[in-house]
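What follows is a short report on a single structure.
Chain naming here is simple, since letters A, B, ... match the order of the sequence lines and numbering starts at 1 in each.
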Amino acid sequence: MADGNHLYLVDGSSYIFRAYHRLPPLTNRHGQPAGAVYGYTTMLWKLADSLNKADGPTHMAVILDASEHTFRNEMYDKYKAHRPPPPEDLVPQFPLIRVATRAFSIPCIEEAGLEADDIIACYVHEAKRAGWKVTIVSSDKDLMQLVEDGKVDMLDTMNDRRIDSAYVREKFGVGPTELGDVLALMGDKVDNIPGVAGIGPKTASQLIAEYGSLEAVLANAENITKPKLRQSLIDYADDARLSRKLVELVCDAALPQPIEELALTGIPKEPLQEFLEEQGFKALLNRLTGDGGPTSGRSSSGGGLDLAAASIASTPARPAEPEAISVDRSKYETVTDEESLDRWIAEATALGRVAVDTETDCIDCIIARLAGISLATEPNRACYIPVGHSGADLYSDAPNQLPMALVLEKLKVLMEDSAVLKIGHNFKYDWVMFDKAGIDTDPVDDTMVMSFDLDAGLHGHGLDELAKLHFEHECIPFKQLCGTGKSQITFDKVPLKEATEYAAEDADITLRLWQRLKPRLAADNVARVYDRVDRPLVPVISRMERRGVKVDRDYLAKLSREFSEEIVKLEERIYESACGPFTIGSPQQLGEVLYGRLGLKGDRKGKSGQYSTDVNELERLAGEGIECARLVLDWRQLSKLKSTYTDALQAQINPETGRVHTSFSLAGAQTGRLASNDPNLQNIPIRTEIGRKIRDAFVAEPGNVLMSADYSQIELRLAAHMADVPQLKTAFRDGADIHNMTAEELFGSADRDNRNKAKTVNFAILYGISSWGLAERLGISKEEGKFIIDRYFERFPGIRTYIEQTLQFARENGFTRTLFGRKTHFPNIRAGNPSHRGGAERAAVNAPIQGTSADLIKRAMARMDRALDDAGLEGVKMLLQVHDELVFEVPEGREEEAAAVVREVMSSAAEPALKLDVPLDVEVGWGEHWGAAH
DNA sequence: GGTCTCACG
DNA sequence: GACGTACGTGAGACCA
């Protein structure tokens, strides 16, 4: 369990009462009572400070009582009836508890109808199921029922005491499992649990210890010698049974927030500092900002950073120093007998973690067949298990491999063991391979995603590149084993000795990478985005890729033929107007024809000094009446559509599934967006009518429809929230047309022309504007462009502040963050070259907005399957993501229900982590093909 | 392999 | 005054 998760559940409600009674009546700087809040704050501080220490929390939540009335009142109307009202000067402190918790960026959980104790019990139950350790921060005796040695303990922060079952036994004479029976017998004055009159803690423990259970005590009441005790047990047996039910903790209610979302990493400094200042808690404030921070004196490398991590954020990111390692490939083992396999699995199980890599005969995981699996448990301790190697006639060792079915059967137990963390590099691929074998791998860490969350923008995240970067180690190149080009062989043909060296090395490096990167997640304050946004997405994306989307091949073929005919016609006319044939697809030749042979005016552009023939130039010429330019534009459009879409897409249809399986890259775009490749399904045409036809090729299976749900104007909404622009926020809340509104602010009226201009300006703002760029787009002078930008800043002052602050932060730190903490690095932000620097600045202005949008849709995706399942919509399948759009296959007749669930999940994606000032509107449509779903 | 062009958000 | 010029992608065609 050394590397397992450890959930800390803080019993906030009981803590505050104890803090109130224990601390002097302090007041905050507004003169309001704040003693209990102060005590509470120091307690959270202490807990957060133990983050990443041995046995410290990896996950944490504060649990509060939401309401007075619970199911126990239904059961027993006098429950807690005699409880006196809380002291007058404690009452105003209750809401501050939530404020304090938020300041620490720790999730705060409460649920109507449930007491804090029950919510805690539910989380304990779930965490145990997931193989996590749990510590309940409380000293409440009812909660001691949950203690289970090695799995669940309690922490009494006031007395600095761990509560285990020995402690419970010492105090109550029975273990945690019998404690409920003792509590039922003895009753509780404060909660008004009746118990059995005349029986206190001592007698209760004695009885339970002697008879074993409450029911046994009641059954044997007649035999009890002490007459008074005997009579009480007989008279109050019903009270005892009622009490038993009242002290029973509910552990099967739905969790208000999944446990994975409770990941605790660092504590961002800003909100905490603001809270401490607001309350005037000077001592803590000094600890936060001064040198004597709570973690000073401790090593800042590796783990152990939490509150201090906040101050790390103000130092620019430095590339990590490589760590010298020695890889000894001779230590790797080829597993070809059952006994060795069992030994490796046992070792991984005992350790609770294992690096895994699969080797196959093809890079496309959908059609790939397994060649072997490698495992690593410690540096230099790795093995390769061949299962699909062929060529027995070529290599004498090939027949030695274990049967694939046997290996998979044994590995299934390991891969599905919730107490064993599986570590992979780009695990999505391996996940699919195991999924095809009926193995549901969980839990998973992905070192590629970790590297991306830590260092996006600094370098790539491939295993070989990272090995070189972090360890100065050169991995065996794939080419060396399999060759290239025509003579390339597949991995299942590689001799076992070489295959073992290559495959085991990958697992070995992955494990070492994990050891190096994992502690940095907390130290760099990205564990939250990793744990809550990107990591949960790995299996979600894997499933989407495996499902694929159905494409109508005949329809595409028909389109191809139509485009072909049209292209031929256009070619003839182009040659005619250009006085002779040439390669239209060659920008070079086209440039010569237009600006040489036809003598038109044009600009040379780019490094190569070639004439530009892009769409802007051709549009300009076409506007001047040059027919040839118009024809070339049409030709370009059609040949693009044909080659990239109608032809290429047909070739991408998987013969087995009849569907197209894209690959989504999790570490693709610097901003945190996904990228789609092989084929790219995120750039299917929609903007022109003719291109749109290609969307009609994307269809649903018979009996289903395709449903599309997209966020409306999400980036502008986020800009309104993040830059805090009141007019924009109001407009979005009122459902106004945002471009019309901008047009009115900028130009005084909103006719069609002004609206289009305003739209361009709105986008320009998101992308990091320059007056020249805007002028170019709008076809106006640079001065006019500047005037419009100035006016925009004047009307929406928040935008200018946002841009300035973002750039200042980026210059100081070398990176930006999204609202969910995702980092994007900009090594060029202080470059001497103004062009490079300017590029980095514009990207830095855009990254927090584009990245937050990416975070939001990823959060929605991570929750989607569960939400659909909960609504009984298992038949609804998420297929594609296109940045602000999700595409589903939905059984006919279930469209309305599915739309409601999808809309709800997407529009509430920010919650509960964030409360946005703007609504996230989602537009949903469906039809027999993608084209009809918009 | 680099460059250009263009498809998408 | 020069620097180039909207942010983020992937893919196909051409050309050396």
Roughly how many Å is it from [atom1] in [X] to [atom2] in [N], rounded to a whole number?
| X | N | atom1 | atom2 | answer |
| --- | --- | --- | --- | --- |
| A:His883 | C:dT9 | NE2 | C1' | 6 Å |
| A:Gln588 | B:dG2 | CD | P | 18 Å |
| A:Ile567 | C:dA13 | CD1 | P | 11 Å |
| A:Phe763 | C:dC7 | CZ | C1' | 11 Å |
| A:Phe563 | B:dA7 | CZ | P | 12 Å |
| A:Arg777 | C:dT5 | CZ | C1' | 10 Å |
| A:Lys759 | B:dG9 | NZ | P | 11 Å |
| A:Gln682 | B:dG9 | CD | P | 10 Å |

When you get a sec, tell me which of [options] is the closest nucleotide to the side chain of [X]?
| X | options | result |
| --- | --- | --- |
| A:Gln637 | C:dG12, B:dA7, C:dG10 | B:dA7 |
| A:Ser770 | C:dA11, C:dT5, B:dG9 | C:dT5 |
| A:Ala675 | C:dG10, B:dG9, C:dC3 | C:dG10 |
| A:Asp678 | B:dG9, C:dC14, C:dA11 | C:dA11 |
| A:Trp772 | B:dC8, C:dC3, C:dT5 | C:dT5 |
| A:Asp884 | C:dT9, C:dA6, B:dG9 | B:dG9 |
| A:Thr583 | C:dC14, B:dG9, C:dG4 | C:dC14 |
| A:Asn677 | C:dA11, B:dC8, B:dT5 | C:dA11 |
| A:Ala669 | B:dG9, B:dC6, C:dT9 | C:dT9 |
| A:Ser612 | B:dT5, C:dA6, B:dC6 | B:dT5 |

A quick test of your reading: do over 12 heavy atoms of other residues, nucleotides or ligands sit less than 6.0 Å from [atom1] of [X]?
| X | atom1 | value |
| --- | --- | --- |
| A:Glu928 | CD | no |
| A:Arg573 | CZ | no |
| A:Glu689 | CD | no |
| A:Leu914 | CG | yes |
| A:Arg692 | CZ | no |
| A:Phe787 | CZ | no |

Item to check | Main-chain N/O of A:Ala758 paired with A:Thr742 side-chain donor or acceptor, under 3.5 Å | outcome: no
For nucleotides [N] and [M], find the distance between their [atom1] atoms and express it as a whole number of Å.
| N | M | atom1 | value |
| --- | --- | --- | --- |
| B:dG2 | C:dA6 | P | 22 Å |
| C:dA2 | B:dC6 | C1' | 30 Å |
| B:dT5 | C:dC3 | C1' | 25 Å |

[X] to [Y] - nearest heavy-atom pair and separation:
| X | Y | result |
| --- | --- | --- |
| A:Leu856 | A:Tyr711 | O-OH, 4.1 Å |
| A:Phe826 | A:Ala843 | CE2-CB, 3.5 Å |
| A:Arg546 | A:Ile366 | CA-CD1, 3.7 Å |

Over all strands shown, is [X] touching base, sugar-phosphate only, or nothing at heavy-atom distances under 4.0 angstrom?
| X | value |
| --- | --- |
| A:Ile684 | sugar-phosphate |
| A:Ser665 | nothing |
| A:Ile686 | sugar-phosphate |
| A:Asn680 | sugar-phosphate |
| A:Thr824 | nothing |

With a 4.0 Å limit, can you tell me whether [X] has a side-chain N or O closer than that to the phosphate oxygens OP1/OP2 of [N]?
| X | N | result |
| --- | --- | --- |
| A:Gln670 | C:dT9 | yes |
| A:Ser639 | C:dA13 | no |
| A:Gln589 | C:dC15 | yes |
| A:Arg687 | B:dC8 | yes |
| A:Ser586 | C:dC15 | yes |

Checklist entry - According to the Watson-Crick and G-U wobble definitions, with both distances under 3.5 Å, which nucleotide is paired to C:dC3? => result none
Quick one: side chains of residues 833-840 of chain A, donor-acceptor pairs under 3.5 Å with protein atoms, not counting sequence neighbours, listed by atom name and distance.
unit_1: A:Asn833; atom_1: OD1; unit_2: A:Ser835; atom_2: N; d: 2.7
unit_1: A:Asn833; atom_1: OD1; unit_2: A:His836; atom_2: N; d: 3.3
unit_1: A:Arg837; atom_1: NH1; unit_2: A:Ala831; atom_2: O; d: 2.9

Checklist entry - Can you tell me if A:Tyr802 and A:Asp724 form a side-chain donor-acceptor pair at under 3.5 Å? => result no
Item to check | Selection: residues 839-852 of chain A, any non-hydrogen atom under 4.0 Å of DNA chain C | outcome: A:Arg842, A:Ala843, A:Asn846, A:Gln850
Checklist entry - Where along residues 644-652 of chain A does a heavy atom fall under 4.0 Å from DNA chain C? => result A:Thr644, A:Ala648
